Colleague: 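Dropping a structure here in structure tokens format, bear with me for questions.
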Amino acid sequence: MQHWLFKTEPETYSIADLEREGRCGWEGIRNYQARNRLRDEVAVGDPVLIYHSNCAEPAVVGLGEICGAARPDPFQFDPDSKYHDPKSTPEQPRWVLVDVAYRETFAKPLTLREIKADPLFADMELVSRSRLSIQKVAPEQFDAIVRQCRG
DNA sequence: GCCAACGTTGGC
DNA sequence: GCCAACGTTGGC
């Protein structure tokens, strides 16, 4: 089993939106390395930290779980979507999404500031590869984050 | 809103 | 296949 951290911009889709909907398709991933991970490595049942990016206080805010394996992202075929890709066809889809189920909203979100300040997290992709939106998290780091976030 | 980092595109 | 130009991400 692999542990993950998925980024989302809360103005677009927040942990509160996921809580309300119960589950969602994680659409709009348009980066090849992230796509490859979704397609080849993300598995149903994997736990996912939900991270709010590009906002006042970037932080790990909740917990989800993969509830659907990779499938073509339907927005790539929609000319009206900002995720439209004219080079993608239903016969040869370029982009995939996975489905994420809501699990938990953390009582104490762990901020990026706190993560950067803790040597335990120094080698996280969040620190070293900050622009990748589908990140792998080592199990012991994942557990430490969840523990801190539950207070 | 700025801008550094870095991924993608396309001419050659 | 190199690399300059360009676009996007995301912290600050």
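Here the structure is a predicted model, which is why all the values come from computation and not from measurement. The sequence lines fix the lettering, A, B, ..., with proteins before strands; numbering per chain opens at 1. We use all heavy atoms of the structure for the numbers below, so side chains are in, but hydrogens, waters and symmetry mates are not.
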Colleague: For A:Y32 and C:dT8, what is the distance between atoms OH and P respectively, to the nearest whole Å?
Modeller: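 Distance, rounded to whole Å: 14 Å.
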Colleague: Round to the nearest Å and state the distance from A:I29 atom CD1 to B:dT8 atom C1'.
Modeller: 16 Å
Colleague: Separation of A:Q33 atom CD from C:dT9 atom P, in whole Å?
Modeller: 15 Å
Colleague: In whole Å, I'd like the distance from the CZ atom of A:R94 to the P atom of B:dT9.
Modeller: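 Rounded to the whole Å, the gap is 7 Å.
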Colleague: Without decimals, in angstroms, what is the distance between A:R30 CZ and C:dT8 P?
Modeller: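 It works out to 13 Å between those atoms.
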Colleague: Does a donor on one side chain sit under 3.5 Å from an acceptor on the other, for A:T111 and A:E114?
Modeller: yes
Colleague: Could you check how far CG of A:N31 sits from P of C:dT9, rounded to whole Å?
Modeller: 9 Å
Colleague: Checking A:E21 against A:Y13: is there a side-chain donor and acceptor pair closer than 3.5 Å?
Modeller: yes
Colleague: Is any side-chain heavy atom of A:V100 less than 4.5 Å from a side-chain heavy atom of A:R23?
Modeller: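 No, their side chains stay 4.5 Å or more apart.
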Colleague: For DNA chain B, which residues in residues 123-138 of chain A have a heavy atom at a distance below 4.0 Å?
Modeller: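 Residues of residues 123-138 of chain A under 4.0 Å from DNA chain B: A:R129, A:R131.
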Colleague: As a test of understanding, state which of A:R113, A:Q148, A:Q141 forms a side chain to side chain contact (heavy atoms under 4.5 Å, CB included) with A:D118.
Modeller: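 Checked A:R113, A:Q148, A:Q141 against A:D118; only one passes side chain to side chain contact (heavy atoms under 4.5 Å, CB included): A:Q148.
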Colleague: What is the separation between atom OH on A:Y83 and atom P on C:dG7, rounded to the nearest whole Å?
Modeller: 19 Å
Colleague: Using the benzene-type ring in the case of Trp, are the ring centres of A:Y32 and A:W95 under 6.0 Å apart?
Modeller: yes
Colleague: Regarding A:R94 and A:D73, does a basic nitrogen lie under 4.0 Å from an acidic carboxylate oxygen?
Modeller: no
Colleague: Measure the distance from NZ on A:K82 to C1' on C:dT9 and round it to the nearest whole Å.
Modeller: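 Checked: the NZ to C1' distance equals 12 Å.
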Colleague: OP1 or OP2 of C:dC12 sitting under 4.0 Å from any side-chain N/O of A:K116?
Modeller: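 The answer is yes; a side-chain N or O of A:K116 sits under 4.0 Å from OP1 or OP2.
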Colleague: A:K7 side chain N/O closer than 4.0 Å to the phosphate oxygens (OP1, OP2) of C:dG10?
Modeller: yes
